[in-house]
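Lettering of chains follows the sequences in order, A, B, ..., and the numbering in each one begins at 1. No experiment lies behind these values; they were computed from the predicted model shown.
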Amino acid sequence: MEVSASNDPARPNEPGRPNDPARPKEPGHRKVPDRPRVPDRPRVPARPRVPARPAEEAPPSDLTARLKAYEGRPAATAGVGKDPVNAAMIRHWCEVMGDACPAYSGPDAIAPPAMLQVWTMGGLSGHTDRSAAYEELFGLLDGAGFTSVVATDCEQEYLRPLRPGERITFDAVIESVSERKTTKLGAGHFVTTRMDVRADGELAGTHRFRILKYAPARTEPKAARPRPVINRDNAGFWEGVRQHRLLIQRCDGCGTPRFPWLPGCHACGSPDWTAVEASGTGTVHSYVVMHHPPFPAFDPPYAVGLIELAEGVRMVSNVIGVPHDKVRIGMAVRLEFLRVDAELELPVFRAVEDGAV
Amino acid sequence: MTGPGITGPGVEGPNVGGPGIGGPGVKAGDELPPLEIPLTRTLIVAGALASRDYQDVHHDAEAAREKGSPDIFMNILTTNGLVGRYLTDHFGPRCTLRTIAIRLGAPNYPGDTMTLRGTVTEVAGGTATVRIVGTNRLGNHVTGTVTLNLPEGAP
């Protein structure tokens, strides 16, 4: 019989708060001087570090020790099957399994051996045979937050067939309790029990069963892409995006185009400007491919391009329509507006095949 | 051949009610024909109830989601029963199951299909050892080992 040690691959911790040094969706390049970092949500004041759990509650290592103290103690004592072995339950089982084996019907019917555990189940009204030790163990696990249960292993040995009419009794022992394990489902402890099943008082089979008592890992929805910071200086640009127009500024004093949006001309200093719509054609001036670290809203690897527009200004954006490893300097691209979610639309650039614009 | 149930909900396989292969001729390395089992919602719920397992994760999708599972999933007793059926379908009603030891991995969710495969790893003293694996689109749902006594006349 296979004796197994349970483990599940540990799930790496999720990264924390969204962060985005590449800023692929925010038009503008790195020459923006000292833009104030405006937090997009109220800053939570740092809390003083306090112990995470009350002093009277045991730390995890002590919990494991307390759990392991239940090893060898009874899980069920003098349990009695709620129904004797019977033809109706056998038939229902065989219907579900699609099991047409003739041994399970007729005057000399036996129960399918794999039903062994079924005869010991508590059913909808619950178990009445569980020991105080078993209830205490589960109470400890529930209290520590490991409230969910899933079965992982079942090892059965069949010593003799079960026949309709036989009365089932059973005893079970808590064979082992694991230390804390991290699994795909969440962190928890494996609990292994071993049960002797008797039919009319005669040992008919043994049943080793392993469950995981775990705290469900929170399934968080995919993080939203970071929001652009919209202020008095760049509000016109985002209004243009809303209208599917890529707007850049042109200096009224010297005619120099500029991007990202700024209050004054970097060439002549004039504060006067006019918004003009870019044609939407451009080329990849430079690019990086983001592999690591991953950010919750993005699926690496992906290409972040520095796009030179036909009007002569450059902006950072995503290059789409081409695998991340096929982006090249000089590649022709064309503007598109990408609907990211209900609130956010972003200008991105699609690679143009054969350079046709 | 008559049996208590020829078909289950969504459970069909090429070997249902088949004559069985036992006795002489079973040898290590033999591969059992695969058995495909469509994992309907009905099968998962009916299996839980036939095994008197009323854990909500086996019949209540909303409760399952609250516990971190995307949907209901098959209980271990049903998997155990399907493994037992797979072996007796192949070796016939005159074989006797001695042990079934299984470990669960990727859950059996509704809408998927599980394919059971088996390989005889040892035959000694009339007892065959069969390594089984049941795969779904997520990977290995079940791996395990079954031993059974072959009908008399076996090597």
### Pairs touching residues 77-87 of chain A that satisfy side chain to side chain donor-acceptor pair (under 3.5 Å), sequence neighbours left out
A/Lys82-A/Ser125

## Note on the structure
Counting heavy-atom pairs under 4.5 Å with chain A, the top scorer among B/Gly81, B/Gly84, B/Gly47 is B/Gly81

### Query
Can you tell which of B/Asn75, B/Val83, B/Leu104, B/Thr147 has the highest number of heavy-atom pairs within less than 4.5 Å of chain A?
B/Leu104

#### Entry: CD (A/Glu179) with more than 12 external heavy atoms under 6.0 Å
no

### Message
Any donor-acceptor pair under 3.5 Å linking the side-chain atoms of B/Thr127 with those of B/Asn149?
### Response
yes

### Task
Determine whether the side chains of B/His141 and B/Asn108 contain a donor N or O and an acceptor N or O closer than 3.5 Å.
yes

### Message
Using a 4.5 Å heavy-atom cutoff, which residues in residues 112-122 of chain B come close to chain A?
### Response
none

### Query
Where along residues 50-60 of chain B does a heavy atom come under 4.5 Å of chain A, listed by residue number?
B/Ala50, B/Ser51, B/Arg52, B/Asp53, B/Tyr54, B/Gln55

### Task
Can you check whether anything in residues 106-123 of chain A gets within less than 4.5 Å of chain B, heavy-atom wise, and list it by number?
A/Pro113, A/Ala114, A/Gln117, A/Val118, A/Met121, A/Gly122, A/Gly123

### Message
With a 4.5 angstrom heavy-atom cut-off, is it the side chain or the backbone of B/Thr78 that approaches chain A, or both, or neither?
### Response
both

Is there a side-chain contact between [X] and [Y] (heavy atoms, below 4.5 Å)?
| X | Y | result |
| --- | --- | --- |
| A/Val150 | B/Ile76 | no |
| A/Tyr158 | B/Ile100 | yes |
| A/Arg180 | A/His189 | yes |
| B/Tyr86 | B/Val146 | no |
| A/Met195 | A/Phe209 | no |
| B/Cys95 | B/Thr88 | yes |

Indicate yes or no: does [X] engage [Y] in a salt bridge with an N to O separation below 4.0 Å.
| X | Y | result |
| --- | --- | --- |
| A/Asp153 | A/Arg210 | yes |
| A/Arg130 | A/Glu135 | no |
| A/Lys68 | A/Glu71 | yes |

### Query
What are the two closest non-hydrogen atoms of A/Ala224 and A/Ala297, and how far apart are they?
O-CB, 3.4 Å

